[in-house]
Chemist: 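Shown below is the structure under consideration.
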2 protein chains.
Amino acid sequence: MDKRINPKLRILLGAEIAIGPGKADLLDAVARTGSISAAAREMGMSYRRAWLLVDTMNRCFKRPLVEASKGGSGGGGARITEQGLDVLARYRAMELKAAASVAAEMREFTQLLA
Amino acid sequence: MDKRINPKLRILLGAEIAIGPGKADLLDAVARTGSISAAAREMGMSYRRAWLLVDTMNRCFKRPLVEASKGGSGGGGARITEQGLDVLARYRAMELKAAASVAAEMREFTQLLA
DNA sequence: ACGCGATATATATTCAAAAACATAACGGAT
DNA sequence: ATCCGTTATGTTTTTGAATATATATCGCGT
């Protein structure tokens with residue numbers, strides 16, 4: 001409902017497959033919380049949705065970004081893999097670099113907005 | 001349904017407001033065809049949708065990007081304004097520059113995809 | 001005067017994505 | 001043996017977006 005523009009530059013790879021702003025944030029939340037359900041809660045989405053997104057990511061890349069286990073002390077959990085950390089780092093780096101490369105142009109551009 | 005990834009880097013400004021890949025293409029089509037309905041046909045979308053997108057763009061910027069007129073020889077039409085050309089050029093330039101800035105990283109990144 | 005093709009807008013319908021709900025399996029802790 | 005929280009997955013319901021449909025207006029050409 002906010003008429004204001006989100007000033008964040010958004011970089012997507014492909015047709016919302018593989019990874020994008022949302023999936024990157026989710027991956028980050030899984031890494032921090034150690035579980036898909038905690039990440040989902042934190043991001044205000046259903047567990048099912050979060051699980052599906054993680055599943056999509058896992059299947060889009062050659063090697064899984066997240067590994068999960070059920071049962072156990074805390075009921076189970078999920079860990080980000082080496083590959084996952086790598087992908088997240090690369091994505092964030094690209095996001096930053098791309099945004100920085102057009103920061104000046106973007107500042108001028110936003111002046112044209114109402 | 002295509003499992004393959006669209007390799008095009010996509011740059012959006014804000015939460016699909018103001019402008020993005022789709023609106024830029026539409027703006028371009030309107031500029032080329034001289035009418036919203038022709039642009040809609042060309043892009044395979046309903047006239048209503050195209051009109052709404054154009055309307056959103058017009059209201060998001062300080063000055064309209066497209067000016068339309070009804071009636072007349074061909075029934076009417078739509079013209080891209082100076083401002084519209086400017087916005088489109090700036091957007092395309094940013095798109096290109098941002099993509100170029102991370103082209104090498106993107107090449108490496110896509111190697112990780114299945 | 002009338003028709004044509006386009007803009008402009010309202011309303012209704014369709015359809016797919018998201019959410020909600022449900023359930024099974026797992027395995028350590030109590 | 002039971003309980004808990006989580007993963008994993010199926011089914012149903014809801015919601016929202018896109019489309020379809022309809023209507024009014026405009027103004028030039030015939």
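Note on naming: letters A, B, ... go to the chains in the order of the sequence lines (proteins, then strands), and numbering restarts at 1 for each one. Atoms considered below: every heavy atom in the structure, side chains included; atoms not considered: hydrogens, waters and symmetry mates.
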Chemist: Looking at residues at least two apart in the chain, or sitting in another chain, which of them share a side-chain contact (heavy atoms from CB on, under 4.5 Å) with A/Arg48?
Modeler: A/Ser46, A/Leu52

Chemist: Checking A/Asn58 now: which residues fulfil side chain to side chain donor-acceptor pair (under 3.5 Å) with it, not counting sequence neighbours?
Modeler: none

Chemist: State, to 0.1 Å, how close A/Ala31 and A/Ile80 come at their nearest heavy-atom pair, and which atoms those are.
Modeler: CB-CG2, 3.8 Å

Chemist: Can you spot which of B/Ile36, B/Val66, B/Val54 makes a side-chain contact (heavy atoms from CB on, under 4.5 Å) with B/Leu26?
Modeler: B/Val54

Chemist: For A/Lys97, enumerate each residue passing the salt bridge (charged side-chain N to carboxylate O under 4.0 Å, His left out) test, keeping only those at least two apart in sequence or located in another chain.
Modeler: B/Glu105

Chemist: Could you pull out all residues at least two apart from B/Ala38 that satisfy side-chain contact (heavy atoms from CB on, under 4.5 Å)?
Modeler: B/Thr33, B/Ser35, B/Arg41

Chemist: CZ of A/Arg59 versus P of D/dA8: gap in Å, rounded?
Modeler: 13 Å

Chemist: Enumerate all atom pairs, one protein N or O and one N or O from nucleotides 14-21 of chain D, separated by less than 3.5 Å.
Modeler:
{"residue": "D/dA18", "atom": "OP2", "partner": "B/Arg49", "partner atom": "NH1", "Å": "3.4"}

Chemist: Carefully, step by step, assess B/Val102 and A/Glu95 under the rule side-chain contact (heavy atoms from CB on, under 4.5 Å).
Modeler: CA-CA 9 Å; B/Val102 292; A/Glu95 202 174 33; over 6 Å; no

Chemist: Begin with the C-alpha distance, continue with both residues' side-chain angles, and end with the deciding distance and a verdict on side-chain contact (heavy atoms from CB on, under 4.5 Å) for A/Arg90 and A/Asp86.
Modeler: CA-CA 6 Å; A/Arg90 284 173 186 272; A/Asp86 184 42; 3.1 Å; yes

Chemist: Within this structure, what is the CE-to-C1' distance between A/Met43 and C/dA19, rounded to whole angstrom?
Modeler: 16 Å

Chemist: For B/Arg49, what residues pass the salt bridge (charged side-chain N to carboxylate O under 4.0 Å, His left out) criterion, not counting sequence neighbours?
Modeler: none

Chemist: Measure from OH on B/Tyr47 to C1' on C/dA10 and round the result to the nearest Å.
Modeler: 13 Å

Chemist: Below 3.5 Å is the cut-off: list the nitrogen or oxygen pairs between protein and nucleotides 28-30 of chain C, distance only.
Modeler:
none

Chemist: Give the residues of residues 26-39 of chain A touching DNA chain D, defined as any heavy atom closer than 4.0 Å, sorted by residue number.
Modeler: A/Ser35, A/Ile36, A/Ser37

Chemist: Taking only side-chain N and O atoms of A/Trp51, does any of them lie within less than 4.0 angstrom of OP1 or OP2 on D/dT7?
Modeler: no

Chemist: Can you list the residues that meet the side-chain contact (heavy atoms from CB on, under 4.5 Å) rule with B/Ala40, with sequence neighbours excluded?
Modeler: B/Met45, B/Ala50

Chemist: Separation of A/Lys70 atom NZ from D/dT7 atom C1', in whole Å?
Modeler: 6 Å

Chemist: With sequence neighbours excluded, what pairs up with A/Arg79 under the side chain to side chain donor-acceptor pair (under 3.5 Å) test?
Modeler: A/Glu67

Chemist: Between B/Ala98 and B/Ser101, what is the shortest heavy-atom contact and its length?
Modeler: O-OG, 2.8 Å

Chemist: Which atom names give the shortest non-hydrogen contact between B/Phe109 and A/Tyr91, and what distance separates them?
Modeler: CE1-N, 4.2 Å

Chemist: Could you give the angle between the helix axes at the two ends of the helix from C/dA1-D/dT30 to C/dT30-D/dA1, with five pairs per end, rounded to 10 degrees?
Modeler: 20°

